[in-house]
Participant: 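One structure follows; several queries about it will come next.
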Amino acid sequence: MITYLFKRLLEMIPTLVGITLISFFIIHLAPGKPTDVLADLNPKMTPEARERLEKYYGLDKPIHIQYVLWLKRIAKLDFGDSFSTDRRPVWTKIKERLPITILINTLALVLIFIIAIPIGVSSAVRPYSLYDKITTVVVFIGFAIPTFWLALLLMILFGVNLHWLPISGLKSMGYENLSALGKIWDWTQHLILPMTLEAFGGLAGYSRYMRSSMLEVVRQDYITTARAKGLAESKVIYKHALRNALLPVITLLGMSIPGLIGGSVIFENIFSIPGMGQLFYQAVMMRDYPVIMGILTIGAVLTLVGNLLADIGYALADPRIRTR
Amino acid sequence: MNQSTLKSLFWRRFKKNRLAVIGGIIVFCLFAVAVLTPLIAPYNPDAINVKHVLESPSISHPFGTDDLGRDILSRVIYGSRISLAVGFVAVGIATIIGVILGALSGYYGGWFDTVTMRFVDIMLSIPTFFLILAVIAMLEPGIWNIMIVIGITSWMGVARLVRAEFLSLKEREFVLSARALGASDFRIIFRHILPNAMSPVLVSAVLGIAGAVLVESALSFLGIGVQPPTASWGNILTIGKDNIEIAWWISVFPGIAIFITVLAYNLLGEGIRDSIDPRLKI
């Protein structure tokens with residue numbers, strides 16, 4: 001198991017370098033420079049000042065040299081300083097924003113897991129029944145609803161019409177004066193909509209994968225054997241079949257992380273949540289290269305770690321993989 | 001089995017799948033709307049009318065009006081053109097890249113295959129929406145850039161699919177006989193193997209259109225997609241969000257249009273898949 005883990009960790013390094021290489025070149029080769037934005041904001045900026053600034057940022061060097069310099073700094077976990085006027089270190093900026101994004105995404109993943117798996121299993125146990133048909137239709141509808149639109153609809157329903165939930169930010173006015181329990185309740189209220197919506201995007205897919213994976217497993221000989229030896233049906237399904245059917249779903253869960261992270265740009269924008277997605281949006285608008293690269297790198301690391309965790313889960317569940 | 005019986009078998013299965021037929025009909029209607037736009041739309045979609053600002057749905061404006069008094073029904077109808085164009089061009093680009101890379105790496109294998117598949121893994125690990133966002137915001141946001149960027153960030157699935165098909169097809173007898181007859185690699189890849197690998201590509205392309213429509217509307221919603229005054233479903237929704245407390249109709253109707261479009265392409269795609277090979281049904 002340890003050698004397996006070590007091997008997987010080593011394999012992550014070239015992938016990560018590849019991701020940063022592609023991102024770096026795409027972002028730096030796109031037209032428009034950070035100094036353009038700064039010059040727009042400050043019409044008094046002379047061409048000389050601009051050149052000085054470019055030199056200061058290291059933007060005057062050839063792009064491959066810039067990349068190597070960036071990579072060297074990253075190896076020391078130094079993400080550089082933001083180009084924006086506050087000049088703060090990129091890592092500090094990301095660190096403030098990361099927890100809330102990770103919290104929402106993790107809660108969403110948990111929600112996906114506890115809802116999608118029972119739906120998938122129960123419709124696979126009775127394939128082509130009325131229940132299965134209804135869930136199939138619901139899943140198709142879920143696939144097709146743009147989640148940012150659903151966000152608007154829920155905001156209208158729960159926020160504007162019913163006044164049950166807040167529709168913006170993380171804290172209400174007067175948050176500071178609330179008791180500890182009140183603060184937690186306030187947070188929860190603000191998080192319900194974004195979390196539900198993040199999860200909604202994955203629900204349809206996962207219940208579908210779970211169903212097909214389960215259908216595949218139920219057909220296997222060892223399930224027939226389990227039934228033949230007289231085990232209760234619930235034991236056959238939940239103990240013998242479910243475990244095996246979960247394996248491919250775990251892998252998919254790891255692969256869904258980039259999508260979840262990408263989705264946070266939209267939700268954080270809609271609900272004005274000060275997370276990583278919002279920071280990214282602002283950084284892109286200002287062409288703040290170090291912040292953009294920092295977030296893309298962190299996003300890639302999260303994705304790779306997610307994949308790794310999925311693979312570890314897979315290896316723990318399936319001894320055949322460990323020995324390979 | 002010859003080609004014509006395969007085709008009739010496909011049609012027989014497809015016609016039995018009621019949802020797929022409904023999807024097909026809706027897709028056809030969407031095409032008709034996009035082509036006949038100027039005839040169907042009751043108003044000029046860009047006509048500003050200060051007398052009718054933020055009116056709720058009525059007989060003269062069935063979907064209501066927006067903050068500039070523009071007719072939302074007309075804007076939604078014009079928006080269908082944008083969605084259709086983005087969907088088809090983006091998927092076209094993704095399919096061409098995916099098919100070529102997948103075919104070459106499946107057929108030749110070796111270092112080319114290793115490098116390409118590594119590249120695919122890397123592309124799949126980048127939060128693609130972040131990358132799309134970054135690139136489009138830096139280029140001038142506009143419909144052509146959106147199509148191209150969505151296209152070049154969504155070819156990986158097709159490449160994997162085509163590669164897998166090639167890996168099994170290239171071992172078959174008909175490829176061997178083509179080679180024995182002296183056919184060039186180019187001819188074997190594109191004339192002999194590729195046609196046999198096209199059905200999963202078709203399915204993933206139809207499903208891909210749905211995905212591209214969603215991404216375009218999300219980008220336009222964030223304000224970095226299709227730019228106003230050109231109407232797109234996403235940027236009408238932005239106005240809806242800005243007026244969410246007072247005008248629900250601006251948020252509701254464009255979303256329904258996106259929903260129906262995506263649903264129709266998904267149903268059609270799944271229907272085609274089931275009809276090509278019922279065993280693939282999930």
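The chains referred to below are lettered A, B, ... by the order of the sequence lines, with proteins before strands, and numbering in each begins at 1.
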Participant: Can you tell me how far OG of A:Ser264 sits from CZ of B:Phe130, rounded to the nearest 0.5 angstrom?
Facilitator: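 Answer rounded to 0.5 Å: 4.5 Å.
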Participant: Counting heavy-atom pairs closer than 4.5 Å to chain A, which one of B:Ile258, B:Val252, B:Leu124, B:Leu131 comes out on top?
Facilitator: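 Among B:Ile258, B:Val252, B:Leu124, B:Leu131, the one with the most close pairs to chain A is B:Val252.
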Participant: What heavy-atom pair brings A:Ala144 and B:Val262 nearest, and what distance separates the two atoms?
Facilitator: CA-CG1, 3.6 Å
Participant: Taking CZ in A:Phe25 as the centre, count heavy atoms belonging to other residues, nucleotides or ligands within less than 6.0 Å. Is the count above 12?
Facilitator: yes
Participant: Between B:Ile246, B:Leu214, B:Asn266, B:Ile244, which residue shows the highest count of heavy-atom pairs closer than 4.5 Å to chain A?
Facilitator: B:Ile244
Participant: Identify which part of A:Ile22 has an atom lying under 4.5 Å from any heavy atom of chain B, answering side chain, backbone, both or neither.
Facilitator: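 Only the side chain of A:Ile22 comes within 4.5 Å of chain B.
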Participant: Supply the atom-to-atom distance B:Lys241 NZ to A:Asn269 CG, rounded to the nearest 0.5 angstrom.
Facilitator: 5.0 Å
Participant: Mind listing the closest non-hydrogen atom pair of A:Phe280 and B:Ala134 along with its distance?
Facilitator: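 Scanning both residues completely, I find the closest heavy atoms to be CZ-CB, 4.1 Å.
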Participant: With a 4.5 angstrom heavy-atom cut-off, is it the side chain or the backbone of B:Ile256 that approaches chain A, or both, or neither?
Facilitator: both
Participant: Go through the atoms of B:Leu267 and report whether side chain, backbone, both or neither lie under 4.5 Å from a heavy atom of chain A.
Facilitator: both
Participant: So, does A:Trp149 use its side chain to make a donor-acceptor pair with the main chain of B:Ser251 at under 3.5 Å?
Facilitator: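 Flag set: sc A:Trp149 to bb B:Ser251 pair under 3.5 Å.
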Participant: Distance check, rounded to the nearest 0.5 Å: B:Arg118 atom CZ versus A:Glu11 atom CD?
Facilitator: 6.5 Å
Participant: Under a 4.5 Å cutoff for heavy-atom pairs, which residue among B:Ile122, B:Leu19, B:Asp121 has the most contacts with chain A?
Facilitator: B:Ile122
Participant: Between atom CH2 of B:Trp249 and atom CD1 of A:Ile156, what is the distance when rounded to the nearest 0.5 Å?
Facilitator: 10.0 Å
Participant: Who wins among A:Ile270, A:Leu21, A:Leu260 for the most heavy-atom pairs under 4.5 Å with chain B?
Facilitator: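 Looking at each of A:Ile270, A:Leu21, A:Leu260 in turn, A:Ile270 comes out on top.
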Participant: For A:Ile141, is it the side chain, the backbone, both or neither that has a heavy atom under 4.5 Å from a heavy atom of chain B?
Facilitator: both
Participant: Under 4.5 Å from any heavy atom of chain B, what part of A:Leu150 do you find: side chain, backbone, both or neither?
Facilitator: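 For A:Leu150, there is no contact with chain B at all, as no heavy atom is under 4.5 Å.
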Participant: Against chain A, label B:Phe119 side chain, backbone, both or neither, depending on which of its atoms sit under 4.5 Å from a heavy atom there.
Facilitator: side chain
Participant: Checking heavy atoms, do the side chain of A:Ile292, its backbone, both or neither come under 4.5 Å from chain B?
Facilitator: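 The answer is the side chain of A:Ile292.
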Participant: Could you walk me through whether B:Phe221 and A:Leu152 pass side chain to side chain contact (heavy atoms under 4.5 Å, CB included), step by step?
Facilitator: CA-CA 11 Å; B:Phe221 176 70; A:Leu152 292 181; 4.1 Å; yes
Participant: Under a 3.5 Å distance rule, please check whether A:Tyr281 uses its side chain to pair with a backbone N or O of B:Leu222 as donor and acceptor.
Facilitator: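 The answer is yes, because a donor-acceptor pair under 3.5 Å joins these two groups.
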Participant: So which of B:Val135, B:Ile132, B:Ile260, B:Leu133 has the biggest tally of heavy-atom pairs under 4.5 Å with chain A?
Facilitator: B:Leu133
Participant: Taking A:Val137, A:Thr15, A:Ile295 one by one, which has the highest count of heavy-atom pairs under 4.5 Å against chain B?
Facilitator: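 Highest number of pairs under 4.5 Å: A:Thr15.
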Participant: Measuring heavy-atom distances to chain B, does A:Ile19 have an atom under 4.5 Å in its side chain, in its backbone, in both, or in neither?
Facilitator: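 When you check distances to chain B, atoms from both the backbone and side chain of A:Ile19 fall under 4.5 Å.
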Participant: Where on B:Ala210 is there a heavy atom nearer than 4.5 Å to chain A: the side chain, the backbone, both, or neither?
Facilitator: neither
Participant: Let me confirm one number: the CZ-CZ distance from A:Phe143 to B:Phe259, rounded to the nearest 0.5 Å.
Facilitator: 13.0 Å
Participant: Identify which part of A:Leu304 has an atom lying under 4.5 Å from any heavy atom of chain B, answering side chain, backbone, both or neither.
Facilitator: side chain
